[in-house]
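What follows is one structure encoded as structure tokens, with my remarks underneath.
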Amino acid sequence: MSERAVLDDAIYGSLAEFESADDLLAAVKAAREAGFRRMEAYTPHPIERVSHELGHKNHLPLVVLIGGALGAGSGFALQYYTSVISYPVRVGGKPLNSWPAFIIVVFEMTILFAAVAAVLGMFALNKLPQPYHPVFNASIFELASRNRYFLLIEARDPAFDPITTPAMLRDLTELQVVDVPS
Amino acid sequence: MSSIESQHPDGKVQRREFLRLMGASLTLGGLGACTRQPEERIFASARSPESRIPGKPLFFATAMTMTGGAQPILVESHMGRPTKIEGNSMHPGGFSATTAPVQAAVLGLYDPDRSRVVKRAGRISTWPAFLGALREALDGLDDAGTGLRILTETVLSPTLADQLWSLLGDKPGAVWHQYEPVNRSMARAGSEIAFGEDVQVLPRFERAEVVLSIDADFMTTGPASVRLARDFAARRRVRAEGEELCRLYSIESAPSPTGSLADHRLPLSPARIEAIVRVIARAVGVELEAPEIDSLPVQQRNMVQALVDDLKAKRGRGVVLAGEQQSPAVQALAHAMNDALGNNGATVDYYDPIEMEPIDQVESLRQLAQDMQAGEVQALVILGGNPAYTAPADLNFPEHMAQVPFCAHLSLLEDETSRRCGWHVPEAHFLESWSDTTIYDGAASAVQPMIAPLYEGRSSHEIVAAMAGFVGKSSYEIVRAFWKREAFTDDFESYWEASLHNGWLADTAFDPRPVTLNSSLAEGLAEGPVVPPGGEIEVILRPDPMVWDGRFSNNGWLQELPNPITTLTWDNAALIGPATARRLGIETEDLVQLACGERMVEAAVLVVPGHADDCVTLHLGYGRTSAGEVGSGLGCNAYQLVTAGSAWSAVGRLTPTGRRYPLARTQLHHSMEGRDIVRSANVHELSDQEHGHHEGPAHTLLAPPEKNDGPAWAMVFDLSTCMGCNACIIGCQSENNISIVGKDEVMRNREMHWIRVDSYFEGDESSPEILHQPVPCMHCEDAPCEVVCPVGATVHSAEGLNDMVYNRCVGTRYCEANCPYKVRRFNFYLYADYETPSLKMMRNPDVTVRSRGVMEKCTYCVQRINEARIHAKKEGREILEGEVVTACQSVCPSSAIEFGDLNDPDSKVSRLRMLPQHYSLLEELGVRPRTTYLSRVTDRNPDVSRS
Amino acid sequence: MSQVFPPIVNTISRVSILGAGFLIGGAVWLVASIFQSPYVSREGVTRPQPVAFSHKTHVGALGLDCRYCHSFVEESATAGLPSTKTCMACHSQILAKSPLLEPVRDSYDDDLPIAWTRVHDLPDFVRFDHSIHVNQGVGCSSCHGRVDRMPLMAQGSNLQMDWCVRCHRQPELALRSQSEVFDISWQPGPDQEQRGRALMSENSIRTKPLTDCSICHQ
Amino acid sequence: MSVKDQAGTEPPREPILAPGHDLVSITDKISSLVLARGASRGWFVGVAVCLALVTLLMVSLAYLLLRGVGIWGLNNQVAWGFAIINFVWWIGIGHAGTLISAILLLLKQHWRTSINRFAEAMTIFAVMCAGIFPLIHVGRPWLAYWLLPYPNTMGLWPQFRSPLVWDVFAVSTYATVSALFWYVGLVPDLATLRDKAVGRPLKMIYGFLSMGWRGATHHWDRYETAYLLLAGIATPLVISVHSVIAFDFSVSVIPGWHTTIFPPYFVAGAVFSGFAMVLTIAIPVRAIYGLGDFITMRHIDNMAKVMLGTGLIVAYGYLMEIFIAWYGGNEYEVFMVKNRMLGPYAPAYWSLILCNVAIPQLLWSPKIRRNVRLLLAIALIVNVGMWLERFIIVVTSLHRDYLPANWNMYVPTFWDWATYGGTIGLFVLLLFLFVRFMPVISIFEMRTLVEPPHDEGADHTGLEQTEVEP
């Protein structure tokens with residue numbers, strides 16, 4: 001893909017490879033101090049410290065809460081409408097609105113909606129599916145799903161400079177730093 | 001099993017089922033099940049008949065001839081198709097109730113196996129051809145008609161008798177024989193010993209206070225059974241404090257419905273019965289040589305003494321009845337006892353026999369067989385009956401038939417006899433033909449067709465007329481002509497119309513006649529049978545309660561109808577007492593060989609508590625070889641043991657074969673396990689706490705059932721009068737299009753009957769108390785089945801019915817699992833027959849025919865309720881008490897079933913529910929059944945110590 | 001080289017996810033509408049008949065009363081079809097020679113019924129009784145529609161359960177006085193609701209049992 | 001590497017990850033199972049056998065649709081039979097998966113990481129097998145969709161008081177959530193496979209499945225949250241599902257069904273049978289694919305302990321049934337218990353006690369817990385035992401209930417067994433496919449054992465004795 005990088009010599013960003021999580025963390029700290037904001041770290045497994053450093057907001061719990069509430073509401077509404085309003089029938093001498101019997105379905109609907117909200121929310125907020133992403137253009141990135149840690153500083157970052165930024169990163173890692181063609 | 005195939009899917013149906021399913025799965029996984037319907041054709045008659053409104057059923061009066069007497073009936077006819085039979089209460093000798101065989105008659109009419117064409121030597125022929133052959137045969141005889149024999153069953157039709165007599169008039173050489181296996185020979189002989197003449201008995205229970213039944217199942221068998229059941233039941237109901245009951249003592253071998261109602265029941269083998277009857281007779285004052293009561297075994301002595309005292313104490317208010325199959329001696333002694341106790345004329349009436357020509361039928365058949373063997377019979381015309389199968393084995397009747405040059409048989413099905421006759425003529429079913437008949441009290445009754453003969457059916461009248469040379473005369477003309485001549489009236493037309501409308505011919509009933517006891521009765525008595533030595537056993541032969549002498553073998557309803565008490569279906573079995581079974585080391589379903597001399601049968605054993613020891617009961621009517629698809633090859637042929645000398649009992653050896661034979665019973669467990677299921681109490685203990693009446697559980701958190709402003713339907717069974725005859729089951733079956741499933745499925749416990757009659761044995765197994773409990777859907781207020789149905793296919797109606805919606809049911813069977821009474825029935829296969837045209841005609845158009853995979857159950861005959869509601873609404877009123885009569889209720893001979901509106905405080909059910917003996921089954925579950933019970937009330941003699 | 005896909009794939013994948021959702025929704029909607037469509041319910045669909053009998057002519061133009069032909073509608077569950085005799089009452093004079101009526105004359109002559117095709121056909125597990133509806137003030141046109149405008153008989157309504165039940169829940173919307181039952185052109189007036197209520201109390205019609213399953217399924 | 005050594009604070013236990021593993025070895029070992037070319041002979045034989053069973057299943061289903069449920073041993077007294085028994089059994093088996101992945105996650109039981117993946121797969125497959133039965137057990141399967149609430153021309157709806165409707169919701173929710181949970185867990189590993197796979201087609205397949213996962217920290221962040229929330233949601237769910245199944249019985253009025261203890265005791269039973277099934281699968285897989293390093297004796301031991309624990313709860317349930325029957329003094333309950341112990345189905349009852357109560361007591365001994373062969377045997381026995389339990393509950397309660405006149409027997413037919421065997425075939429077949437085409441162990445979670453995501457996580461990982469540093 002490097003050809004493509006050459007064709008439109010735009011650069012997506014600069015990608016640095018690290019040996020360990022600690023190195024990565026150090027690099028992130030350094031980069032932030034250097035005033036970089038548009039950057040992203042890639043790791044083969046979750047590392048909370050890094051995300052702390054990068055400082056994200058996470059709205060997922062709210063999404064899930066809404067999902068659950070929606071489930072519960074619709075669950076009861078469905079049962080109330082069908083057995084009290086739509087076609088009321090005497091069943092086993094029970095009241096039309098046998099709410100104790102309705103609890104179970106309400107519960108299950110809550111769970112279902114919450115779970116679906118959690119998963120869809122997670123993918124949506126992560127903007128997945130996204131099979132194509134410029135970072136994949138860097139061949140070393142294959143290791144991101146194996147044992148290497150990466151830090152990407154985007155070219156869009158105002159502080160980004162095609163010469164100095166990679167240089168700074170090179171100081172932070174003994175492994176290689178590459179340009180990611182867009 | 002063939003019987004299933006005839007009623008139930010064969011290859012074709014499965015293929016169709018398959019195609020439908022494939023279609024279904026194609027259209028979005030089964031949405032096909034509710035796609036468009038096929039186009040339907042409708043036909044408007046070209047010239048519409050008067051007085052018939054399409055869609056409204058009509059009722060016609062007629063009568064069904066059964067052994068020894070006819071039953072007056074009303075036939076419900078939908079658009080010209082007879083679909084249901086009810087009793088004819090307009091008839092002076094009739095009631096709304098009927099017996100099981102009468103209910104099943106519609107199926108007999110539509111039986112797909114009925115023979116459809118005249119056959120000559122098994123080849124299809126024609127009616128004219130037969131007439132030609134008949135004429136030829138008769139011309140071959142001399143003018144006296146010597147060598148012409150006519151064999152009929154017991155003739156009860158005045159017209160037919162008249163035809164025969166006039167025929168014999170021109171042909172003095174001809175002979176008219178009568179034979180059917182279940183006949184009055186014993187009773188005749190008995191009354192001739194007692195009175196020197198042939199009379200028949202009619203007890204008057206309304207005036208009786210004590211009854212001794214000597215093996216007499218008077219409530220379910222015999223021409224007057226319905227009348228007697230009604231009368232006796234009326235004397236067994238307690239509706240107020242201090243009412244006295246008519247006490248019943250019963251001495252019998254095999255437990256019978258009547259016996260099961262007895263306050264004191266003594267099971268004895270026939271020989272012992274005859275012995276003890278002599279003792280009793282002597283004790284009540286009949287002069288004869290017999291031992292003292294004290295000579296009896298202790299367990300009998302106590303009861304017999306009490307019985308004798310009772311009979312004596314209630315002179316002129318008692319009845320002694322002997323069963324039709326008891327020996328002449330016992331019959332005579334019964335008459336003698338009634339005479340000695342001053343019951344004659346008071347509680348026992350005597351009539352002339354109602355047969356047109358009372359003769360000793362066995363003798364008559366023996367004569368015929370003998371003549372056939374001697375080659376004196378040139379032409380034999382058999383009108384109905386099936387002698388080749390039912391004749392006593394020792395007459396070798398079938399073989400002798402081969403010697404007759406011209407042999408013709410008129411019958412509904414091509415049976416054993418037809419196959420041995422040169423000519424077979426299909427008989428017109430009684431619902432298809434004109435005739436007349438006689439009921440138990442001698443009243444002549446009209447038999448009129450409900451439908452034109454489905455096939456080329458002919459009646460006896462036509463054939464006899466043809467023999468007399470009047471070819472082509474219709475039964476109608478013949479019968480009408482006869483009555484025009486006989487009727488003692490000048491305005492015949494109106495008389496005739498009235499007779500047809502009401503179903504009976506006025507002023508033909510007999511009046512009671514006086515009788516005088518033969519003073520030297522004792523001499524007339526033959527020596528009683530002796531108890532056979534060890535190793536031998538008394539074999540009791542009896543007509544089957546359902547298929548009778550075999551005439552109903554091909555009737556699936558009767559085959560699948562559980563026998564009273566044993567609940568046996570689709571077979572006959574060697575009924576035997578527990579003690580004897582243990583002694584012989586055999587148990588239920590063991591196959592044993594019964595050998596009387598060189599004649600023997602193999603039968604499956606069925607151990608019945610309460611059956612007498614040292615004897616075995618075997619029912620006739622099975623082991624048919626050509627009964628039809630349904631009836632052939634079931635059970636064993638007990639006629640092998642019947643001899644001309646002794647029709648009802650034999651002495652033989654019982655030897656286990658070591659093989660087993662599965663029996664299909666609808667109830668396998670007959671003990672109540674100490675549970676409060678059938679309550680019974682002595683009439684004097686009724687007001688006790690324990691039987692105080694219950695209104696649901698004492699304290700409950702449940703809200704009282706909501707009251708609606710319409711009716712609230714409820715049903716009450718009186719267990720004091722339910723004798724377990726099972727007529728209700730078949731009445732329900734006929735009303736509600738209930739399928740039969742066949743022996744295999746019954747063995748898998750998949751019978752479909754909506755109401756069942758449970759029978760329980762309580763106490764000492766040798767002579768237990770036998771209790772019956774009819775159990776239909778209880779229509780619980782708080783029905784457990786409704787709550788668990790996921791699709792709402794069973795829900796509650798405003799009038800308190802537990803509705804079952806077949807077309808909504810997906811078949812989870814949860815309702816069935818959760819029903820504490822297990823009254824729901826599931827269509828595990830496609831049981832209903834959607835193929836056979838004749839069976840389609842039989843169906844009640846007001847009741848949905850259930851398909852495979854749906855649940856069904858008692859609906860309280862909702863179609864009748866709806867009909868009544870519509871009728872009432874049109875007249876702008878509410879439904880009246882007694883306007884809705886369920887099928888089971890109307891058929892019940894002892895009127896043990898009441899149905900009505902709980903919201904009407906004066907309705908029968910409301911009042912019954914206030915009685916002290918009222919209770920509901922499994923009350924403690926708090927499901928509030930709408931169907932409830934009155935405990936069995938008995939009237940035990942305090943002098944008899946309960947053993 | 002870890003890049004597997006070209007950029008466009010992102011769009012494709014996201015669109016396809018949404019698309020799947022729409023597809024499923026569409027399918028459900030399609031099925032639903034098919035089952036309400038006349039294709040299934042046959043509402044307003046005519047059927048080929050052996051004789052081109054026109055209710056428009058007989059009811060609309062000539063103004064025959066429904067009961068002249070459907071004579072059992074007041075007593076019986078089935079309204080009843082006219083016997084050929086009824087047709088011939090007039091058509092022995094009128095159009096006596098018309099080729100259109102050939103089948104009718106044949107039927108009359110050789111006493112064979114005419115095989116009409118059923119237009120209002122309920123499933124076998126439903127029981128409908130004409131007499132009670134007519135007697136309680138449900139008019140013919142309420143279910144059969146304006147037959148006086150139908151040259152060939154067409155199904156007047158979809159005859160689906162929820163349609164039946166709607167009226168069983170609120171009879172007041174359909175009830176008429178006895179005199180109007182056979183009036184084919186009857187239309188509910190503005191005061192229909194209270195008129196209907198009046199009729200209900202008059203005939204003591206209780207709606208509670210009317211939605212019981214066993215009222216129609218027995 | 002930041003492993004805080006707190007080994008001193010707790011007794012030395014076997015590691016949950018064999019020494020000497022680092023990110024590379026874990027990644028390569030597990031992914032190689034999938035990416036390795038070709039499959040062993042044994043795999044093909046196994047698949048063939050399963051296919052045969054699946055064919056049997058298809059045949060019995062076809063015949064069922066043709067004739068009706070009459071082909072089974074059902075009758076008017078015992079209206080529920082194998083279909084329900086197998087349904088409950090399969091659902092129960094499913095429970096271990098969700099329990100391991102959800103509850104143990106919440107409890108920070110890190111030993112779960114190497115077993116949760118295939119435990120979840122097992123859950124899904126078990127639920128699939130279970131799902132077949134409610135459908136085919138109804139009399140008119142082509143109308144089963146009437147249990148779903150959808151607007152229709154009849155204006156009718158499901159009857160929401162019925163436990164069967166609850167089942168529909170519970171089981172479908174359970175299936176959905178389990179599937180989601182499983183898939184979410186798979187995504188990062190699929191990314192790994194994408195990156196390690198050779199050849200474009202394979203890369204594309206895993207590429208699509210992994211949705212372009214690239215391990216960005218933002219993503220990991222939300223991912224972890226989602227995963228945790230799912231676990232939190234799935235925990236009450238897994239408990240509710242078998243409770244709802246229990247309601248099918250306890251809501252009824254039948255002695256032996258109408259019992260308040262059913263929900264908890266069904267859940268315990270479910271976990272019991274579930275872990276038995278996990279062991280039944282884990283032990284062979286571990287041996288065949290040489291996963292001894294990842295599924296260590298520690299896992300085996302722990303699972304055995306869970307089995308023992310839940311087994312005791314189940315035993316308590318049995319005991320309580322008897323006690324309550326006696327203590328409540330309800331004649332029908334008393335009879336029901338007597339009938340189970342001495343009635344015609346007594347052999348089934350006593351073998352149930354043997355399988356579920358007696359034999360599991362062997363697990364008290366550490367020796368036996370560490371003897372995989374013996375453990376496998378016990379696990380199989382427990383599976384049988386739990387099936388028997390459901391048989392006892394369904395059949396013995398129904399065949400003799402209130403009115404003795406109805407009492408009857410239930411005899412399974414060939415088709416009952418055929419259908420049951422068929423679903424077992426289906427289950428194993430799906431497992432075979434799973435181990436071949438999906439990572440049987442969660443790679444990224446294994447990585448966290450080496451590189452704990454949270455600082456405090458380390459003390460549980462049992463890495464005390466491991467030197468990971470080169």
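Keep in mind that the numbers below use all heavy atoms, side chains included, and drop hydrogens, waters and symmetry copies.
Judged by distance alone, with hydrogens and angles left aside, the side-chain atoms of B:Tyr919 form a donor-acceptor pair with the main-chain N or O of B:Arg679 at under 3.5 Å. Under a 3.5 Å cut-off, the side chain of B:Asn726 and the backbone N or O of B:Ile729 do not form any donor-acceptor pair. No donor-acceptor pair under 3.5 Å is formed between the side chain of B:Thr666 and the backbone N or O of B:Asn749. Of the possible donor and acceptor atoms, none in the side chain of B:Thr567 sits under 3.5 Å from a partner among the backbone N and O of B:Pro562.
For B:Tyr821, the parts lying near chain D are the backbone and the side chain together; criterion is any non-hydrogen pair under 4.5 Å. Only the backbone of B:Ser671 comes within less than 4.5 Å of a heavy atom in chain D; its side chain stays farther off. For B:Glu786, the part sitting under 4.5 Å from any heavy atom of chain D is the backbone (N, CA, C, O) and nothing else. Of the atoms belonging to B:Arg675, heavy atoms from both backbone and side chain fall under 4.5 Å from chain D.
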Can you list the steps and then say if B:Lys743 with B:Glu560 is a salt bridge (Lys or Arg N to Asp or Glu O under 4.0 Å)? CA-CA 8 Å; B:Lys743 181 180 176 181; B:Glu560 197 154 300; over 6 Å; no

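Annotation: the span from B:Arg936 atom CZ to B:Glu769 atom CD amounts to 6.0 Å, rounded to 0.5 Å.
Residues passing the salt bridge (Lys or Arg N to Asp or Glu O under 4.0 Å) test with B:Arg750, sequence neighbours excluded: B:Glu745.
We find that B:Arg825 and B:Glu816 are not joined by a salt bridge, their nearest charged nitrogen and carboxylate oxygen being 4.0 Å or further apart. A salt bridge is defined here as a Lys NZ or Arg NE, NH1 or NH2 lying under 4.0 Å from an Asp or Glu carboxylate O, and B:Lys822 with B:Glu751 fails to meet this definition. By the 4.0 Å N-to-carboxylate-O rule, B:Arg850 lies close enough to B:Glu856 to be salt-bridged with it.
Within residues 403-417 of chain D, the residues having any heavy atom less than 4.5 Å from a heavy atom of chain B are, in residue-number order, D:Leu403, D:Pro404, D:Ala405, D:Asn406, D:Trp407, D:Asn408. The interface of residues 153-172 of chain D with chain B, defined by heavy-atom distances below 4.5 Å, comprises D:Met154, D:Leu156, D:Trp157, D:Pro158, D:Gln159, D:Arg161, D:Ser162, D:Pro163, D:Leu164, D:Val165. Within residues 69-81 of chain D, the residues having any heavy atom closer than 4.5 Å to a heavy atom of chain B are D:Val69, D:Gly70, D:Ile71, D:Trp72, D:Gly73, D:Leu74, D:Asn75, D:Asn76, D:Gln77, D:Ala79, D:Trp80, listed by residue number.
Taking the six-membered ring where the residue is Trp, D:Phe262 and D:Phe249 present perpendicular rings, their angle passing 60° and hence far from 30°. Ring geometry for D:Trp326 versus D:Phe323: interplanar angle of 30 to 60°, hence tilted.
At a threshold of 4.5 Å between non-hydrogen side-chain atoms, the residues D:Asn339 and D:His399 count as touching. Annotation: side chain of B:Pro776 is in contact with side chain of B:Thr931 (closest heavy-atom distance under 4.5 Å).
Taking chain D as the reference chain and counting heavy-atom pairs below 4.5 Å, the highest number among B:Ser759, B:Pro820, B:Pro784 is found for B:Pro820. The candidate with the highest count of non-hydrogen atom pairs below 4.5 Å against chain D, out of B:Cys819, B:Pro790, B:Gly811, B:Gly853, is B:Pro790. Counting heavy-atom pairs closer than 4.5 Å to chain D, the top residue among B:Arg808, B:Arg756, B:Glu673 is B:Arg808.
For D:Trp387 and D:Asn86, the side-chain atoms include at least one donor-acceptor pair closer than 3.5 Å. B:Thr794 and B:Asn802 form a side-chain donor-acceptor contact under 3.5 Å, judged by distance and modelled atom types alone.
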